[in-house]
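Following: one structure in structure tokens, then a few remarks.
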Amino acid sequence: MNPLKLVRARPGPAFTVTFDGREIEALPGQTVAAALWASGVRSWRSTRGAGRPRGVFCGIGVCFDCLVVVNDRPNRRACLVPLRPGDVIRTQQGTGHDD
């Protein structure tokens, strides 16, 4: 079942953001992680040492596994950052800074 229908939600109109050059749709109030997950993206960061993929783990901003670059700002927790129309999200590599 569609979760929006389940809770009788009536969000505002969808808008687009960009993830690694690809446009994805987001709803008002959605976090980066929620919009990425809804678009089928499960990983948006790689670890510093081994380069292993990471995405949402705790979903409440405690674990820092979901770090992403938002509008050229690295180390943003995707589970906490609400999206705005036109936001540009990029996969974070390592620390997110040019090493």
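Quick caveat: nothing in here was measured; it's all calculated off a predicted structure.
- Taking both residues in full, the closest heavy atoms of G12 and P28 are given as O-CD, 3.5 Å, listed atom of the first, atom of the second, then distance.
- Evaluation of the side chain to side chain donor-acceptor pair (under 3.5 Å) rule for S39 yields no partner, not counting sequence neighbours.
- Nearest heavy-atom pair across L27 and A14 is CD2-CB, 3.9 Å.
- Contact detail for C66 and C79: the closest heavy-atom pair is SG-N, 3.4 Å.
- Applying the salt bridge (Lys or Arg N to Asp or Glu O under 4.0 Å) definition to pairs two or more places apart or across chains, those involving residues 27-46 are R45-D65.
- Shortest non-hydrogen contact noted between C63 and C58 is N-SG, 3.5 Å.
- Among residues at least two apart or in separate chains, salt bridge (Lys or Arg N to Asp or Glu O under 4.0 Å) pairs with a member in residues 75-88 are R84-D87.
- Applying the side chain to side chain donor-acceptor pair (under 3.5 Å) definition to pairs two or more places apart or across chains, none involves residues 55-64.
- Within the model, atoms CD of Q92 and CG of N75 stand 4.5 Å from one another, a figure rounded to the nearest 0.5 Å.
- Clustering of Ile, Leu, Val, Met, Phe, Trp and Tyr side chains at separations under 4.5 Å places L36 together with F15, V17, F19, I24, V32, V41, W44, V56, V68, V70, V81, L83, I89.
- Legend: side chain to side chain donor-acceptor pair (under 3.5 Å) pairs involving residues 13-31, not counting sequence neighbours, sorted by first then second residue: D20-T91.
- Hydrophobic side-chain contacts under 4.5 Å tie W37 to no other Ile, Leu, Val, Met, Phe, Trp or Tyr residue.
- Hydrophobic cluster membership of F64, counting Ile, Leu, Val, Met, Phe, Trp and Tyr whose side-chain heavy atoms lie under 4.5 Å apart directly or via other members: L67.
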